[in-house]
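These notes concern the structure reproduced below.
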Amino acid sequence: MPQILLFTYLNMFYFFPSLQILAENITMVTEFLLLGFSSLGEIQLALFVVFFFLYLAILSGNVTIISVIHLNKSLHTPMYFFLGILSTSETFYTFVILPKMLVNLLSVARIISFTCCALQMFFFLGFAITNCLLLGVIGYDRYAAICHPLHYPILMSWQVCGKLAATCAIGGFLASLTVVNLVFSLPFCSANKVNHYFCDISPVIRLACTNTDVNEFLIFICGVRVLVVPFLFICVSYLCILRTILKIPSAEGRRKAFSTCASHLTVVIVHYGCASFIYLRPTANYVSNKDRLVRVTYTIVTPLLNPVVYSLRNKDVQLAIRKVLGKKGSL
């Protein structure tokens with residue numbers, strides 16, 4: 001039987017030489033070229049300076065939040081526990097993308113290997129989905145604190161917090177692994193120019209040399225599960241919170257309750273808004289210039305927004321930062 005199959009295969013190339021030419025012309029992609037901002041020419045140097053200082057701001061802001069929460073015992077509560085994990089996740093999330101992007105802004109050769117491209121997408125999506133799930137958990141924490149204050153120590157015990165954080169991380173990277181497998185299981189033949197500054201789903205899957213409808217539909221389903229479901233959960237939580245807040249008799253009590261949720265809501269709107277615009281659309285609707293601007297917001301502005309919002313709008317964090325700086329000054 002194997003001899004018959006081999007004989008048939010050889011005869012196909014003998015009687016149909018065009019098949020042999022086609023087979024020789026199809027070469028599997030081993031590396032990708034990240035076009036990034038190459039079309040902007042000399043402006044890339046200015047972009048490098050801007051993005052470099054934004055990256056430093058992201059690192060310093062998130063590291064400050066993590067350090068302050070760790071050093072100040074008054075912030076050892078479930079809300080700040082999840083905020084610290086969110087800042088840690090966003091620090092790694094930007095580390096996956098921005099250093100490579102900064103190097104490419106000053107480099108002519110913007111090559112990334114096939115394996116490194118898959119790894120970059122895996123870690124980027126893993127941390128991004130983890131962030132989405134963590135924002136949902138923070139929404140539940142606010143719901144438990146405001147709507148069920150007497151049961152809060154039980155609902156959000158440290159054991160429960162640990163399990164929720166582990167579930168967010170495991171769920172995020174399992175979802176990421178599923179999406180990356182759907183993208184890189186496709187054949188990539190000759191086109192290797194990624195019209196983006198990192199390996200994201202839409203720019204990469206467009207290069208596949210086969211029909212991608214089924215894979216794109218499955219990726220869309222994954223996107224709905226990790227974006228729409230947590231967002232709806234947050235909306236329901238805040239409807240319950242709003243109903244409870246309106247029952248508070250004093251204006252000062254209502255203001256204080258609203259202020260604890262305002263920072264979280266700001267981050268949620270920007271994070272889920274940008275992510276939904278990018279990932280809950282078919283690849284055919286991908287518009288490079290417009291989408292690249294939104295992706296810059298999603299990958300650079302959002303990680304910077306988290307420490308800025310929580311430090312500027314949160315009096316507890318402001319007070320903790322002053323205490324930490326005061327201790328360092330006295331030393």
Side-chain angles (χ1 to χ4, degrees), residues 56-95 127 130-169 172 230 234 237-238 241 244-245 248 252-271 302-331:
L56 290 181
I58 291 168
L59 288 179
S60 59
N62 282 298
V63 169
T64 300
I65 292 289
I66 296 165
S67 303
V68 167
I69 291 172
H70 177 70
L71 295 172
N72 199 300
K73 291 184 179 180
S74 65
L75 299 182
H76 291 183
T77 62
M79 175 183 171
Y80 293 107
F81 168 74
F82 290 116
L83 177 57
I85 294 176
L86 181 64
S87 294
T88 304
S89 178
E90 289 193 335
T91 301
F92 286 108
Y93 162 85
T94 52
F95 180 74
F127 288 118
T130 299
N131 292 345
C132 288
L133 299 178
L134 282 171
L135 288 172
V137 169
I138 294 174
Y140 172 72
D141 172 76
R142 292 298 82 209
Y143 161 78
I146 295 173
C147 299
H148 302 283
L150 298 178
H151 297 94
Y152 183 72
I154 299 172
L155 292 173
M156 296 303 292
S157 65
W158 286 114
Q159 187 178 7
V160 172
C161 290
K163 289 179 179 179
L164 287 172
T167 301
C168 290
I234 292 171
S237 298
Y238 272 101
I241 289 171
T244 302
I245 289 175
I248 298 175
E252 179 63 23
R254 288 195 297 270
R255 188 198 62 78
K256 188 176 180 181
F258 272 121
S259 66
T260 60
C261 302
S263 302
H264 178 243
L265 275 175
T266 304
V267 176
V268 164
I269 290 169
V270 176
H271 188 92
T302 304
L304 181 62
L305 184 69
N306 179 36
V308 169
V309 167
Y310 278 103
S311 61
L312 291 179
R313 295 185 60 89
N314 194 300
K315 291 182 179 180
D316 293 334
V317 175
Q318 290 175 13
L319 184 61
I321 290 173
R322 290 194 194 102
K323 284 183 179 179
V324 172
L325 292 177
K327 287 180 181 179
K328 289 184 177 180
S330 62
L331 289 172

Test side-chain hydrogen bond (donor to acceptor under 3.5 Å, both in side chains) applied to S89 - qualifying residues, sequence neighbours left out: N131
Worked verdict on V160 versus L155 for side-chain contact (heavy atoms from CB on, under 4.5 Å): CA-CA 7 Å; V160 172; L155 292 173; over 6 Å; no
Nearest-0.5 Å distance that lies between atom CD1 in I85 and atom CZ in F81: 3.5 Å
Closest heavy-atom pair and its distance - P78, C161: CB-SG, 3.6 Å
CD1-CG distance between I234 and L135, expressed to the nearest 0.5 angstrom: 5.5 Å
Pairing residues for F92 by the ring pair (Phe, Tyr, Trp, His ring centres under 6.0 Å) criterion, not counting sequence neighbours: F127
With sequence neighbours excluded, residues passing side-chain contact (heavy atoms from CB on, under 4.5 Å) with I58: N62, T94, L98, I300, P303, L304
Minimum heavy-atom distance between T64 and S60, given as atom pair plus value: OG1-O, 2.5 Å
Sequence neighbours excluded, every pair satisfying side-chain hydrogen bond (donor to acceptor under 3.5 Å, both in side chains) that has a member inside residues 145-167: D141-Y152, Y143-H148
Approximate separation, where rounding is to 0.5 Å, of I241 CD1 and I146 CD1: 4.5 Å
Spacing of L59 atom CG and E90 atom CD [to the nearest 0.5 Å]: 12.0 Å
Straight-line distance of S87 OG to I66 CD1, nearest 0.5 Å: 5.5 Å
Partner residues of T244 under the side-chain hydrogen bond (donor to acceptor under 3.5 Å, both in side chains) criterion, sequence neighbours left out: none
Residues in side-chain contact (heavy atoms from CB on, under 4.5 Å) contact with L56, at least two apart in sequence or another chain: F52, F53
Smallest separation among heavy atoms of V267 and L305, with atom names: CA-CD2, 4.3 Å
H70, NE2 atom: more than 12 neighbouring heavy atoms under 6.0 Å: no
Audit row: L164, M156, side-chain contact (heavy atoms from CB on, under 4.5 Å) steps and yes/no: CA-CA 10 Å; L164 287 172; M156 296 303 292; 4.1 Å; yes
Heavy-atom closest contact (H271 atom, T302 atom, distance): ND1-CG2, 3.5 Å
Spatial distance of atom CD1 (I138) from atom OG (S237) [nearest 0.5 Å]: 12.0 Å
Worked verdict on V137 versus L133 for side-chain contact (heavy atoms from CB on, under 4.5 Å): CA-CA 6 Å; V137 169; L133 299 178; 5.6 Å; no
Minimal non-hydrogen separation, L75 against Y80, with atom names: O-CB, 3.1 Å
Y238: partners by side-chain hydrogen bond (donor to acceptor under 3.5 Å, both in side chains), with sequence neighbours left out: H264
